[in-house]
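To start, the structure itself, in structure tokens.
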Amino acid sequence: MLLADKVALVTGASRGIGRAIAVDLAANGAKVVVNYHSSAAAAEETAAAIAAAGGEAIALKADVGDLGAAQALVKDTVAAYGQIDILVNNAGTTRDTLLMMMSENDWDTVINTNLKSMFNCCKAALRPMLRRKQGGRIINISSVVGLVGQGGQTNYAASKAGIIGFTKSLARELSTRSITVNAIAPGYFPTALTDVLSEENKKQALAFIPLGRFGQVEEVAYLVTFLASGRAAYITGEIIRVDGGLAM
Ligand code: NAP
């Protein structure tokens with residue numbers, strides 16, 4: 001068990017990539033907090049699936065874009081499992097439209113959910129991680145869109161590019177404490193987030209993927225488990241694409 005005796009908090013784990021991450025961390029021995037915002041039934045179902053497979057998990061509601069809610073989430077994690085060793089900042093959303101049409105609310109919602117959540121959750125989790133003096137792992141889910149941009153996604157691209165600078169800076173700040181901070185930049189994975197794209201857009205995206213297929217959510221989860229484990233102790237400040245070669 002790569003993650004025996006570890007406690008992981010995965011934000012936005014009710015479905016999609018976050019759910020796969022929670023399931024794989026638990027399969028490797030971690031006790032997992034499955035965070036969600038509005039999809040309570042899906043989050044409970046994720047926690048139940050983990051338990052059915054012999055793992056340990058609870059579902060906790062919190063809007064990670066809200067500092068107070070993120071602080072309460074971390075407090076409840078420590079109250080439930082005594083510690084926090086692994087924080088996976090996965091929660092994310094889109095409000096796609098051309099900048100000319102983009103409302104202030106479209107901008108604020110995406111920046112708060114995708115980027116401010118990094119500040120909120122890392123700030124809250126650092127205190128118990130540092131107090132424990134056992135190191136730790138922070139893994140942030142960015143996107144290839146943060147690397148190369150995408151028309152109709154100025155808000156999303158800004159949030160995902162922001163995560164990259166945030167990750168590298170925090171990695172430097174925490175380097176003496178054996179807390180590693182890395183980011184993953186997924187390419188295209190069929191989830192609720194990408195379901196909204198037209199068939200035409202999906203076809204166009206596929207044509208640009210050298211490996212010739214979309215990703216499977218488990219292919220992000222396996223990398224998260226590796227980065228969360230002792231095997232990745234010498235990797236920090238890294239941004240790793242999981243994109244079938246899309247943004248190489
Ligand atoms: P998804 O299926 O839409 O899942 C998003 C998750 O985030 C849900 O569990 C949702 O929970 C949660 N969430 C949204 N707002 C939240 C908030 N304010 N507080 C707490 N949780 C919140 O999306 P996904 O495709 O799995 O995406 C997961 C991450 O990967 C995101 O950061 C996304 O940007 C990134 N990513 C995805 C792709 C892709 O192709 N799918 C590519 C690159 C990057 P509720 O329903 O309970 O709100």
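For ligands, and for the atoms within them, numbers begin at 1 and follow the listed sequence. Keep in mind that what you see is a predicted model, and the values were worked out from it rather than measured.
For atom 46 (O) of ligand 1, the nearest non-hydrogen atom of the protein is S39 OG, 2.5 Å. Protein heavy atom nearest atom 1 (P) of ligand 1, with residue, atom name and distance: R15 NE, 3.5 Å. Looking from atom 8 (C) of ligand 1 to the surrounding protein, the closest heavy atom is S14 OG, 3.5 Å. Remark: minimum distance from atom 18 (N) of ligand 1 to any protein heavy atom is reached at D63 OD1, 2.8 Å. The protein heavy-atom contact nearest to atom 36 (N) of ligand 1 is Y156 OH, 3.6 Å. In this structure, the protein non-hydrogen atom closest to atom 22 (C) of ligand 1 is A91 CB, 3.7 Å. Nearest protein heavy-atom contact of atom 12 (C) of ligand 1 is G12 CA, 3.4 Å. Among all non-hydrogen protein atoms, the one lying nearest atom 27 (O) of ligand 1 is L193 CD2, 4.1 Å.
A donor-acceptor pair is defined here as one N or O able to donate and one able to accept, closer than 3.5 Å; no such pair exists between the side chain of K160 and the backbone of L115.
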- S117/N120 under side chain to side chain donor-acceptor pair (under 3.5 Å): CA gap, chis, key distance, verdict: CA-CA 5 Å; S117 59; N120 293 342; over 6 Å; no
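Sparse packing is recorded around CG of D5, with 12 or fewer heavy atoms of other residues, nucleotides or ligands lying under 6.0 Å away. Residue-environment remark: NZ (K116) exceeds the threshold of 12 foreign heavy atoms within 6.0 Å. For R231, the CZ atom is loosely surrounded, since the number of other residues' heavy atoms within 6.0 Å does not exceed 12.
Side-chain atoms of Q153 and D96 form a donor-acceptor pair, as typed in the model, at a separation below 3.5 Å. For the residue pair D85 / Q83, a side-chain donor-acceptor distance below 3.5 Å is found, with atom types taken as modelled. Residues T93 and R95 have side chains that bring a donor and an acceptor to within less than 3.5 angstrom of each other. When only modelled atom types and interatomic distance are considered, N89 and N140 share a side-chain donor-acceptor pair under 3.5 Å.
The pair E45-R19 counts as a salt bridge, with a side-chain nitrogen and a carboxylate oxygen less than 4.0 angstrom apart.
Contacts with ligand 1 closer than 4.0 Å are made by heavy atoms of both the backbone and the side chain of I17. When heavy-atom distances to ligand 1 are checked against a 4.0 Å cut-off, N35 comes that close only through its side chain, counted from C-beta outward. At a heavy-atom cutoff of 4.0 Å, ligand 1 is contacted by the side chain of T191 but not by its backbone. Here S117 has no heavy atoms under 4.0 Å from ligand 1, in either its backbone or its side chain. In Y188, the part holding a heavy atom less than 4.0 Å from any atom of ligand 1 is the backbone. Counting heavy atoms closer than 4.0 Å to ligand 1, residue A13 contributes backbone atoms (N, CA, C, O) but none from C-beta onward. Proximity of V64 to ligand 1, defined as any heavy-atom pair under 4.0 Å, is shared by backbone and side chain alike.
Taking CD1 from I209 and OH from Y188, the interatomic distance works out to 8.5 Å, rounded to the nearest 0.5 Å. Taking NZ from K168 and CG from L170, the interatomic distance works out to 14.0 Å, rounded to the nearest 0.5 Å. How far CD of Q150 is from OG1 of T94: 11.5 Å, rounded to the nearest 0.5 Å. The OG atom of S229 sits 7.0 Å away from atom CZ of R137, with the distance rounded to the nearest 0.5 Å.
Proximity of N90 to ligand 1 is established by a heavy-atom distance of less than 4.0 Å. For G215, the closest heavy-atom approach to ligand 1 does not fall below 4.0 Å. Residue contacts with ligand 1 do not include F214, since none of its heavy atoms lies under 4.0 Å from the ligand. A heavy-atom separation below 4.0 Å is found between G187 and ligand 1. Heavy-atom distances between T11 and ligand 1 stay at or above 4.0 Å for every pair. Using 4.0 Å as the threshold, R19 has no heavy atom nearer than that to any atom of ligand 1. The shortest separation from a heavy atom of S142 to ligand 1 is under 4.0 Å, placing the residue in contact.
Looking at every heavy atom in both residues, P186 comes nearest to S142 through CD-O, 3.3 Å.
The N/O atoms of G18, backbone and side chain alike, include none that comes under 3.5 Å of an N/O atom in ligand 1. In terms of polar-atom proximity, defined here as any N/O pair under 3.5 Å, Y36 makes no such contact with ligand 1. When only interatomic distances are considered, the shortest N/O to N/O separation between T194 and ligand 1 does not fall below 3.5 Å.
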